[in-house]
Amino acid sequence: TLIELLMVLMIIGILAGIGIASYRVVVANACKVTLRHDLQNFVKAQEAYTTDHARYLGAAGDFIQWGRPPSGTLAVPDFTFVPSEGVRVEIISGDGQDYRGTPPFMATAKHTKIKKYYEYDFSVSKTTEREE
């Protein structure tokens, strides 16, 4: 009957709403994990670069973002870091020549799909989660 059909459609709508909300939470969590991982890999690449060049690569405003090939001022052959899809890593303060100076050498990792991002302070080796 018509009432049974409407009840079935209502139940399907409720389940679809729950599924979509759950999917968004899973996507947001996956993006956060990707950001943390990419930021850790960026720090490791900076440490490797420092071993060879006696300084970190870049200064405030320099960045590298996902693409084929990656783009940005930090996308140089000597630097081994490649960000994941949708990720942009940017140096927000300081200079690689004096990473402990004022202001300290800091970088952020942001994803196009979420508002939260991670910030890393090279002078104290600390990662902080932030929200736009």
Side-chain angles (χ1 to χ4, degrees):
T1 68
L2 184 58
I3 293 180
E4 291 172 335
L5 180 61
L6 290 174
M7 292 298 285
V8 168
L9 289 175
M10 185 175 72
I11 291 170
I12 289 172
I14 291 170
L15 293 175
I18 292 170
I20 290 170
S22 297
Y23 175 75
R24 287 183 180 158
V25 168
V26 169
V27 168
N29 286 338
C31 290
K32 286 171 61 175
V33 168
T34 299
L35 282 178
R36 288 180 66 95
H37 184 313
D38 274 12
L39 192 55
Q40 289 172 351
N41 286 339
F42 178 77
V43 170
K44 288 177 186 176
Q46 283 283 20
E47 296 297 337
Y49 186 89
T50 301
T51 301
D52 295 338
H53 298 88
R55 68 180 297 275
Y56 285 120
L57 176 64
D62 290 338
F63 70 96
I64 185 169
Q65 64 187 15
W66 179 81
R68 293 194 171 112
S71 61
T73 52
L74 297 175
V76 296
D78 290 352
F79 195 56
T80 59
F81 173 72
V82 177
S84 300
E85 183 174 348
V87 174
R88 176 183 170 112
V89 178
E90 182 175 351
I91 298 172
I92 58 168
S93 75
D95 184 355
Q97 292 281 52
D98 183 19
Y99 71 95
R100 292 186 191 268
T102 303
F105 193 58
M106 297 174 71
T108 61
K110 297 181 179 182
H111 200 289
T112 57
K113 293 184 179 180
I114 61 173
K115 291 184 179 183
K116 293 195 182 225
Y117 65 94
Y118 289 95
E119 186 176 277
Y120 186 82
D121 186 339
F122 284 83
S123 63
V124 293
S125 303
K126 183 180 177 188
T127 303
T128 308
E129 183 179 306
R130 305 250 191 242
E131 189 163 344
E132 292 179 342

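Quick note: residue numbers are just sequence positions, from 1. Quick caveat, the model's predicted, so the values are computed rather than measured.
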Show the numbers, then the answer: is there a side chain to side chain contact (heavy atoms under 4.5 Å, CB included) between Tyr56 and Glu47? CA-CA 7 Å; Tyr56 285 120; Glu47 296 297 337; 2.7 Å; yes

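- Taking CG of Asp121 as the reference point, atom NZ of Lys126 lies at 8.5 Å (rounded to 0.5 Å).
- No side-chain donor-acceptor contact under 3.5 Å links Asn29 to the backbone of Val26.
- Between Thr73 and Phe63 there is a side-chain heavy-atom pair separated by less than 4.5 Å.
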Given the rule in the side chain to side chain contact (heavy atoms under 4.5 Å, CB included) test, do Leu74 and Ile91 qualify, once you have shown the distances and angles that lead to the verdict? CA-CA 9 Å; Leu74 297 175; Ile91 298 172; 4.0 Å; yes

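- Ring geometry for Tyr49 versus His53: interplanar angle under 30°, hence parallel rather than tilted (30 to 60°).
- Using a 4.5 Å cut-off on side-chain heavy atoms (C-beta onward), Thr34 and Val87 make contact.
- Atom CG in Leu15 sits 10.5 Å away from atom CE in Met10 (nearest 0.5 Å).
- Hydrophobic clustering of Ile, Leu, Val, Met, Phe, Trp and Tyr side chains at less than 4.5 Å, counting indirect connections, keeps Ile14 apart from Tyr23.
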Run the numbers on Trp66 and Ser71 for side chain to side chain contact (heavy atoms under 4.5 Å, CB included), then give the verdict. CA-CA 7 Å; Trp66 179 81; Ser71 61; over 6 Å; no

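- Atom CD1 of Ile64 is separated from atom CG of Asp38 by 10.0 Å, given to the nearest 0.5 angstrom.
- No donor-acceptor pair under 3.5 Å is formed between the side chain of His111 and the backbone N or O of Lys116.
- For the atom pair CD of Gln65 and OG1 of Thr112, the computed distance is 10.0 Å after rounding to the nearest 0.5 Å.
- Of all the heavy atoms in Ser93 and Pro104, the pair that sits closest is OG-O, 2.6 Å.
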Under the side chain to side chain contact (heavy atoms under 4.5 Å, CB included) criterion, do Lys32 and Tyr118 qualify, and how do the steps go? CA-CA 9 Å; Lys32 286 171 61 175; Tyr118 289 95; 3.7 Å; yes

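- Considering CD of Gln46 and OG1 of Thr51, their distance stands at 11.0 Å, rounded to 0.5 Å.
- Connection of Val43 to Val89 is established within a shared hydrophobic cluster, with ILVMFWY side chains joined at heavy-atom distances below 4.5 Å, either directly or through further cluster members.
- Side-chain rings of Phe42 and Phe79 approach one another, their centers coming within less than 6.0 Å.
- Rounding to the nearest 0.5 Å places CD1 of Ile12 at 12.0 Å from CE of Met7.
- In Ile3, the CD1 atom is not crowded: 12 or fewer heavy atoms of neighbouring residues, nucleotides or ligands sit closer than 6.0 Å.
- For Thr127 (side chain) and Tyr120 (main-chain N/O), no donor-acceptor pair under 3.5 Å exists by modelled atom type.
- Within 6.0 Å of CZ in Arg55 there are more than 12 heavy atoms belonging to other residues, nucleotides or ligands.
- Linking Ile, Leu, Val, Met, Phe, Trp and Tyr whenever their side-chain heavy atoms come within less than 4.5 Å puts Val76 and Phe105 in one cluster.
- A salt bridge is absent between Lys110 and Glu90; no separation between the charged side-chain nitrogens and carboxylate oxygens falls under 4.0 Å.
- In this structure, Ile114 and Leu35 have side chains that are in contact, with non-hydrogen atoms separated by less than 4.5 Å.
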